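Here is how names work: the chains are called A, B, and so on, in the same order as the sequence lines, proteins then strands, and each is numbered from 1. The model shown is predicted, which means the values in this text are computed figures rather than measured ones.
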Amino acid sequence: MVDYNSIEKKWLDEWEKAKLNEKDVEEKEGILVTAAFPYVDMPQHIGHLRTYGTADFYSRYKRMRGFNVLYPMGFHKTGTPILAISKKVASNDPKIKDDLKNYGISDEDIKKMSDPYFMADYFARVTEIGMRRAGYSIDWTRKFDSINPIFSKMVEWQFNVLNNKHELVTGEHPVGWCPNEGNAVGQHDTKGDVQPELSELTAIKFKDSDSDAYFICATYRPETLYGVSNLFVNENEDYSLVELDGIKGYISSKSVPLLSDEYSIKVISNMKGSELLSKKAINPINGKVVPILNGFFVKPDFATGVVMSVPAHAPFDYMALKKLSDSGKTDIKENEYIKCIDSENNDQIPSLRYLKNIDQSLNLNSEQIEMATKEIYRTELRKGVMAVGDYIGKGVNEARELIKQDLINKNDAFKIYIISNKEPVYCRCGARVIVNLVEGQWFINYGDKDWKKTVNSYLPEISIYPKKDINAFQAASDWIDLRATERAQGLGTKFPLNPEHIVESLSDSTIYPMLYTFYNILDNYKIKPEQLTIDFFDYVVYGKLNIEDVSKSTGIEYKVLKRCRDSFTYWYRFTSRHSGSDLIFNHLTMYIYNHVMVFPEEFWPKQIVTNGLVNYEGVKMSKSLGNIVPLIDGIDKYGADTLRFIEIVSADLDKTAEFSVDSVNSIHQKMDYIFNLVDRIGSMKSEELSKIDFWLYSKLNRKIRDATEKVEKFDLRNAYISIFYDSLNELRYYFERGGNNEIVISDFLTKMILMISPVMPFSAEELWHRLGNNSFISKEEWPICDESLIDDSIELLESVINSSIEDTAKAIELTSKMDENKGKNVKSVEFIIADQWKYDAYRDLRNSGNMSKVINDDKFKEIDKAKISKYLMPLMKTVKSLNDIPYNSKDEFETFDTSIEFISKKLGFDVSVKHEKDSDSDRAFRSYPGKPSIIVRWN
RNA sequence: GCAGGGAUAGCAAAGCCCGGCCAAAUGCGGUGGGUUUAGGGCCCAUUCUCGUAGGAGUUCGUGAGUUCAAAUCUCACUCCCUGCACCA
């Protein structure tokens, strides 16, 4: 087997020596290929190769097509995950230490990882090693990370632009919050890494009929307000009369601390739920006075602990009310329940229907009632129509929003946010996570109408691959709205408008590809971060300032400024951005928005390529399954080229690539074949070209033409089925047909290897040299198709031979069962080739589609009309899809005649061929162009 | 809920954009055969049903429709997957 690792090492060294990947401004057209830089909180695994490998493939391919392609790379270190892991290390968390140990990190290094900067550097270093070994043609002289002071300067400039254009706004914002530590909590900050889910409810104010206090009912379904028969509290729980944002209200005592960061709440007095049961409340929508009753199901720590009861539509309410009614604790009758929504059936009490669907006798537990609740919620939202009230006739979906808005406008309700996870969420410190409305939070206003309009009208200009993701981009662009852009903790750039905070880590990584274009220059000339003023960036990006002034104000030499500007404008004109498709709804959309806002139109994104994930042996790679293969291990084991092939070209871009040992083996075998063939090539002969040589040339050139078209459209899978798999089959067939011409094979292999080189650069380089070349293959040109060598006839005739062989085998199998053939063996097989008039008539019929016209044509006057008609009849059935037959009777005859040896070897019988006119067999007439009549003789 | 994607033979998966060359690529699995044949690998054949000659029938989530013609277009329905906010 090929020793991939030693080939890799050999060529990595050679490429490094030749500085093959370092690119600079040149005469020829430039392309900047960037992939979303990796977040370095763990080593990369083989799945990461998909994105970076695809970007590398594209870079290499475009270079072979004559472009100057720069593929740079950096590291993302902004944000909280690195900090969180490092904190865990510092607190001696055994689980995290195990994880790190499994990555093969020494105890000593793990200890040092309590320093987040050490950890980030460590993983950045490991990541770079892996990327080099994967063969990415990255220009490492431009490497930076996102906490680098120069990077921060770029971010400051970007936010200065956004601020000047009034796209930074402040407001209040609901966040998951730890009341103990006083800061926002995300997934990384909770026990068990649970993402706190926030959801919005409407809190409706029912006035107490004999005081100025309100019962504050939180609900997901404000549209059912028309059907309220009573309110529920839980008589066994404690309740409080509170002052909440200026009004008096009753809420459960347990809800007070959960809401107290969201609202200002002062407790006036406390009471048992049972004490509230004597009260009555007024429904704000219709003034109806309703009683307060005991709801067994009311949870005091969910929202306000007071709920409105809509027995006709809420299964829990129905069950609770029925219970009360059965025990005589209420005199509300079922026929008083108000139905306010019509949906699929005509039940007067829809909730009852859903309960009975689960159990006719209504002997239900809470879980079952919950199920019924979900079911009715779903159905009524989708199909329900308001049956009462101001919005009668409108769909529930629409009416809900309208009613909510009306109530809020009339000050009868307000929004309330809760943590809606099934189980309470706890901060690592132990406190229960609650909702807080953060005041003065800065947002980037992606909801700005003009901004959105500009982006939406530019979106069709961007080449997006895979094509079907265009919809997703469109949807993402429409959907993106205010986006929080700063936060209190984490690594990163200080937020210019509030230096206590840092720029949020997706917001700081939207325009950074621009920095690659001149980072190496800043580095070379040892430019200090403080020299990178607003003026500097304004000059480089807009070119509108006077360069002398900028040079003076920044202290950067004229020629350095000029080079930065030139480099930026050269590389940023055509950019190709690569990432996983999971980033469409955040990073990539923000990338587009920020480019459109910050840069002149000529530098807006030109191309975006996204890709799907990678499965390992049929399942997703994940930490919990323990099936993550680190990139470097994968390369050691399978070879970089093998990983590259499987991940870059063996699946459609948008699909999950399947990595399995089987697929590895299959590629290894095929590569072995190619290596052997290349090594054997010297022992072959160069002879005069025969038919099968032309066949192979035709296949090759067709392949070059079609595959190139496919590569251009990022249809890599099909391109490489043709370039790799089909080529091998064609070679095998060529040899089987007796081909053995050194020049032809060498031509074929050379072009095939050139086309494989962007995917498998190491093997291709090795094979290229074994073929006797001394240049680097990556500096060679992509093969060009020679149209004159594409010969439809020769390929078609070859396939006629093969289909005839198949048909014959099948015919023999079936006829061997015939009584007359029982006990006999096949003696010989004869192929009868259709006479020339059949070819002519075939073409005429194909062109005209008119049978009688063909029959009556003068040129067929020699032939019996009944005969022509009998011949054409079957063709009529599929007349609209007849293939073009570009050759004639004698071509088909010759092909068979010269292939007799091959055919009889395949079939194992003597084979002969005859023209139809020379045959006296009654089956001879069955011959058609491309379909000789087959006569099997038995003895 | 909102948004995006999906449902194809034993399994996995292509085809669908651009209707006919589609009983439907390919891989795995199954069956039979070959290979100086332990195993594995490799090669060949076969793998919806029927068939006394290269053919016929019935299939591509369900139901309807458009069409001379539908896996492919339209509509409805059912079910599945992914993302959803400060988090990379």
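- Mapping Arg926(A) and Glu806(A) onto RNA chain B via the closest heavy atom, the residue that lands nearer the 5' end is Glu806(A).
- Comparing rU35(B) with rU49(B), their C1' atoms are spaced 34 Å from each other, to the whole Å.
- Residue-environment remark: NZ (Lys467(A)) exceeds the threshold of 12 foreign heavy atoms within 6.0 Å.
- On the P atoms, rG27(B) is 25 Å away from rC60(B), given to the nearest whole Å.
- Contact between the side-chain N/O atoms of Lys655(A) and the OP1/OP2 oxygens of rA14(B) is found at a separation under 4.0 Å.
- Across the interface with RNA chain B, nearest-nucleotide mapping of His587(A) and Ala476(A) shows Ala476(A) to be the residue nearer the 5′ end.
- Here Lys931(A) reaches the OP1 or OP2 of rG55(B): one of its side-chain N or O atoms lies under 4.0 Å away.
- In this structure, rA76(B) and rU62(B) make a Watson-Crick or G-U wobble pair, each of the two defining distances being under 3.5 angstrom.
- When the side-chain nitrogen and oxygen atoms of Lys468(A) are compared with OP1 and OP2 of rG6(B), one or more of them lie within a distance under 4.0 Å.
- Look at the P atom in both rG39(B) and rG30(B): the space between them is 15 Å, to the nearest Å.
- Between Glu223(A) and Arg400(A) there is a salt bridge, since a side-chain N of the basic residue sits under 4.0 Å from a carboxylate O of the acidic one.
- Nucleic acid contact for Asn586(A): base, since at least one base atom lies under 4.0 Å from a heavy atom of the residue.
- Residue contacts for Pro466(A): at a heavy-atom cut-off of 4.0 Å it reaches no nucleic acid atom on any strand shown.
- Taking the C1' atoms as reference points, rA23(B) lies 28 Å from rG34(B), given to the whole Å.
- When heavy atoms are screened at a 4.0 angstrom cut-off, Ile584(A) is found touching no nucleic acid atom at all.
- Contact check, Thr80(A) against rA88(B): a side-chain N or O comes under 4.0 Å of OP1 or OP2.
- Put simply, the side chain of Thr51(A) never gets that close to the backbone of His48(A): no donor and acceptor are under 3.5 Å apart.
- Lys452(A) places a side-chain N or O within donor-acceptor distance of the main-chain N or O of Ile480(A), the cut-off being under 3.5 Å.
- At the heavy-atom level, His76(A) lies under 4.0 Å from the strands shown only through sugar-phosphate atoms.
- If you take atom P in rU66(B) and the same atom in rC22(B), they sit 27 Å apart, rounded to whole Å.
- For the C1' atom pair drawn from rU36(B) and rC42(B), the interatomic distance equals 15 Å after rounding to whole Å.
- The nucleotide rG54(B) finds no pairing partner, because no Watson-Crick or G-U wobble arrangement with both distances shorter than 3.5 Å includes it.
- Distances shown here put every side-chain N or O of Asn718(A) at or beyond 4.0 Å from the OP1 or OP2 atom of rA14(B).
- Between rC28(B) and rG41(B), the distance separating the two C1' atoms is 16 Å to the nearest Å.
- Between the side chains of Thr493(A) and Asp508(A), no donor-acceptor pair of N or O atoms lies under 3.5 Å.
- Look at Gln669(A) and you'll find a side-chain N or O under 4.0 angstrom from OP1 or OP2 of rC42(B).
- With sequence neighbours excluded, the residues satisfying side chain to side chain donor-acceptor pair (under 3.5 Å) with Lys468(A) are Asp654(A).
- At the heavy-atom level, Leu583(A) lies nowhere under 4.0 Å from the strands shown.
- Figure legend. rG1(B) is base-paired to rC84(B); pairs are counted as Watson-Crick or G-U wobble with both atom distances under 3.5 Å.
- Nucleotides rC17(B) and rC81(B) place their C1' atoms 22 Å apart, quoted to the nearest Å.
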